[in-house]
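The structure appears below as structure tokens.
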Amino acid sequence: MRLILLGAPGAGKGTQAVSLSKELQIPHISTGDIFRANIREGTELGLKAKSYIDAGNLVPDELTVSIVKDRIQKDDCKNGFLLDGFPRTIPQAESLEAALESLNTKIDAVINLEVPDDVIVRRMAGRRVCKSCGRSYHVVTIPPKQEGVCDACGSQLIIRDDDREETVLERLKTYYEKTAPLIDFYEARGLLINFDGTKEVQETTREILETIGNRENRI
Ligand code: AP5
Ligand code: MG
């Protein structure tokens, strides 16, 4: 299955991606995680991306698109992939469509996680992420077993640089301006499926798996 996870910052894309990618056995590809890894490693890409990310803006399309195009052609994507945080603009979505067309394939479904702004702001304020594997936790709603330590890999949990309140508000503004138009874009292609992202994590995962399973049976 070739899937896209769509939703505002903090909607729970990364959280859902962990279990969806495990259940469906397809790689989880997060452009945000790729940029953060490059920033940590001090690569040229990381240096270029950092100023945009810290300001709550999008990294330019020309940088982002080529990363994803290369990634989806890797061997582990032969049976599908789960894109998290990409595409984020109409031009990115069009480039993805063209790239997949040239590989004789297409997106099967777009999972849109719906969460109101006030819930998003609360989620980001309490988010902690693993320094090494990127897994997300929340100090109140989804705490790790041991405070400050990742359940999955044992590394330290940190606060993301772009989770300061003023940056979160800027990211939300960017989302409504640049990314929300993708809802109509994918709706028009019959690919959009909306989910209530405010439910318990496992419940949303179950609903997503059930819905895309039924959809696959129909195709
Ligand atoms: P990116 O890393 O993609 O950030 P984002 O879209 O802003 O989304 P987040 O990762 O903040 O949220 P999420 O939806 O993954 O939520 P999470 O699961 O963590 O991008 C960062 C930056 O990189 C962008 O701002 C941009 O600059 C750049 N970038 C990335 N991709 C780009 C692209 N394609 N083009 C251009 N620029 C790009 O959950 C959030 C919190 O809520 C956590 O604490 C979690 O534990 C909690 N939570 C999750 N689900 C639930 C639930 N059901 N109930 C209670 N709490 C929950
Ligand atoms: Mg994320």
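Numbering of ligands and ligand atoms starts at 1, following listing order. If you read the sequence from its start, that first residue is 1, and numbering goes on from there.
The shortest non-hydrogen separation linking Ala152 to Tyr137 is N-OH, 3.7 Å. Of all heavy-atom pairs between Leu157 and Arg128, the closest is CB-CB, 4.1 Å. In plain terms, the two heavy atoms of Gln146 and Asp151 that are nearest each other are N-OD1, 4.4 Å. For the residue pair Leu113 and Lys13, the shortest heavy atom distance occurs at CD1-N, 3.7 Å. For the pair Arg189 and Glu97, the tightest heavy-atom approach, listed with the atom from each and the gap, is NE-OE2, 2.6 Å. The two atoms that bring Ile120 and Ala8 nearest to each other are CD1-CB, 3.4 Å, heavy atoms only.
Shown here is Glu165, whose CD atom has no more than 12 heavy atoms of other residues, nucleotides or ligands within 6.0 Å. Surrounding CG of Asp76 are more than 12 heavy atoms belonging to other residues, nucleotides or ligands, all under 6.0 Å away.
Put simply, Leu6 and Leu96 are part of the same group of oily side chains (I, L, V, M, F, W, Y) that touch within less than 4.5 Å, one to the next.
Of the listed options Ile53, Leu63, Ile67, Ile53 places a heavy atom closest to atom 23 (O) of ligand 1. Residue Arg88 holds the heavy atom nearest to atom 1 (P) of ligand 1 of all those in Lys199, Gln16, Arg88. Heavy-atom proximity to atom 21 (C) of ligand 1, evaluated over His138, Arg36, Arg127, is greatest for Arg36. The residue among Met124, Glu200, Arg171 with a heavy atom at the shortest distance from atom 11 (O) of ligand 1 is Arg171. Considering each of Ala125, Ala8, Gly85, the one bringing a non-hydrogen atom nearest atom 34 (N) of ligand 1 is Gly85. Nearest-heavy-atom check against atom 26 (C) of ligand 1 across Val140, Val119, Asn57, Thr31 picks out Asn57. In this comparison of Glu170, Lys13, Arg160, the heavy atom closest to atom 4 (O) of ligand 1 sits on Arg160.
Residue Thr15 approaches ligand 1 through these ligand atoms, each under 4.0 Å from one of its heavy atoms: 17 (P), 18 (O), 39 (O), 45 (C), 49 (C). Short contacts between ligand 1 and Tyr137, defined as distances under 4.0 Å to a heavy atom of the residue, involve ligand atoms 43 (C), 44 (O), 46 (O). With ligand atoms numbered from 1 in the order given, ligand 1 contributes 1 (P), 2 (O), 20 (O), 30 (C), 31 (N) to contacts under 4.0 Å with heavy atoms of Gly32. Within the listing of ligand 1, atoms 55 (C), 56 (N) sit less than 4.0 angstrom from a heavy atom of Thr141. The Val201 neighbourhood of ligand 1 comprises atoms 50 (N), 51 (C), 52 (C), 53 (N), with distances under 4.0 Å to a heavy atom of that residue. When each atom of ligand 1 is checked for a heavy atom of Gln92 under 4.0 Å away, the hits are 33 (C), 34 (N), 35 (N), 36 (C). Numbered from 1 in the order shown, with element, the atoms of ligand 1 that lie under 4.0 Å from a heavy atom of Ser136 read 17 (P), 19 (O). The ligand atoms of ligand 1 that sit less than 4.0 angstrom from a heavy atom of Pro9 are 5 (P), 6 (O), 7 (O), 8 (O), 12 (O).
For the atom pair Ile158 CD1 and Ser132 OG, the distance stands at 10.0 Å (nearest 0.5 Å).
Asp61 and Ser95 are not linked by any side-chain donor-acceptor pair at a separation below 3.5 angstrom, with hydrogens and angles left out of the test.
For the pair Gly126 and ligand 1, no heavy-atom separation below 4.0 Å is found. Using a 4.0 Å heavy-atom cutoff, Ala11 is listed among the residues neighbouring ligand 1.
Protein heavy atom in closest approach to atom 12 (O) of ligand 1: Gly10 N, 2.8 Å. Of the protein's heavy atoms, Arg123 NH2, 3.5 Å lies nearest to atom 54 (N) of ligand 1. Looking at atom 16 (O) of ligand 1, its nearest protein heavy atom turns out to be Gly12 N, 3.2 Å.
The residue from Val59, Ile72, Leu45, Ile29 that alone fulfils the side chain to side chain contact (heavy atoms under 4.5 Å, CB included) condition with Ile67 is Leu45.
For the pair Arg171 and Tyr175, the cation-pi criterion (under 6.0 Å, within 45° of the ring axis) is not fulfilled.
Only the side chain of Thr64 comes within 4.0 Å of ligand 1, judged by heavy-atom distances. At a heavy-atom cutoff of 4.0 Å, ligand 1 is contacted by the side chain of Ile142 but not by its backbone.
When only interatomic distances are considered, the shortest N/O to N/O separation between Val59 and ligand 1 falls below 3.5 Å. Here's the thing with Gly14: one of its N/O atoms is less than 3.5 angstrom from an N/O atom of ligand 1.
Here the side chains of Ile53 and Ile39 are in contact, with some heavy-atom distance below 4.5 Å.
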